[in-house]
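Structure first, then comments.
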Amino acid sequence: GPIANLREKGDVEGLMTLAGQHRTGEGPHEKDLGKCLECYLAAADLGSAAGAYAAALFHISGIAVAIGSASAGSVIRTSSR
């Protein structure tokens with residue numbers, strides 16, 4: 001899918017744009033917070049501090065993830081680097 005393709009290309013900007021489209025439902029993609037988070041995590045994996053920060057906010061607020069999930073600490077630590 002589009003997220004995997006952008007990840008493979010190392011396209012952080014594309015992932016962040018796609019995340020925004022999934023967050024708001026604007027553009028060619030419908031609102032899907034799970035896919036939005038997936039984009040942010042992929043961007044974070046590619047070294048994006050903005051992607052890591054956005055993913056951390058999802059974890060802190062419990063949006064699209066369970067509060068206290070095992071990955072939350074990892075994402076939050078990554079965003080603080």
Side-chain angles (χ1 to χ4, degrees):
I3 298 171
N5 290 340
L6 292 168
R7 181 195 298 260
E8 287 174 17
K9 292 178 185 177
D11 187 351
V12 171
E13 186 175 328
L15 285 163
M16 296 299 287
T17 298
L18 184 57
Q21 291 172 347
H22 280 301
R23 188 181 69 246
T24 63
E26 294 178 9
H29 304 282
E30 62 185 53
K31 186 173 182 175
D32 184 330
L33 295 179
K35 287 185 179 180
C36 176
L37 175 59
E38 186 179 349
C39 290
Y40 286 142
L41 290 170
D45 287 345
L46 293 172
S48 169
Y53 179 76
L57 292 178
F58 269 70
H59 281 82
I60 289 168
S61 65
I63 298 173
V65 293
I67 292 177
S69 68
S71 62
S74 173
V75 172
I76 293 166
R77 280 189 297 281
T78 299
S79 71
S80 67
R81 291 185 194 157

If you take all heavy atoms of [X] and [Y], which pair is closest and at what distance?
X	Y	result
L37	H59	CD1-CE1, 4.4 Å
G10	L46	CA-CD1, 3.7 Å
A44	G51	CB-C, 4.0 Å

message: Rounded to the nearest 0.5 Å, what separates atom CZ in F58 from atom CG in L41?
response: 9.0 Å
- prompt: Going from NE2 on H29 to CG on L18, what distance comes out if it is rounded to the nearest 0.5 angstrom?
  reply: 4.5 Å
- request: Not counting sequence neighbours, list each pair that qualifies as a salt bridge (charged side-chain N to carboxylate O under 4.0 Å, His left out) and has a residue in residues 50-60.
  value: none
side-chain hydrogen bond (donor to acceptor under 3.5 Å, both in side chains) pairs, two or more places apart, involving residues 7-26: R7-D45, R23-Y40
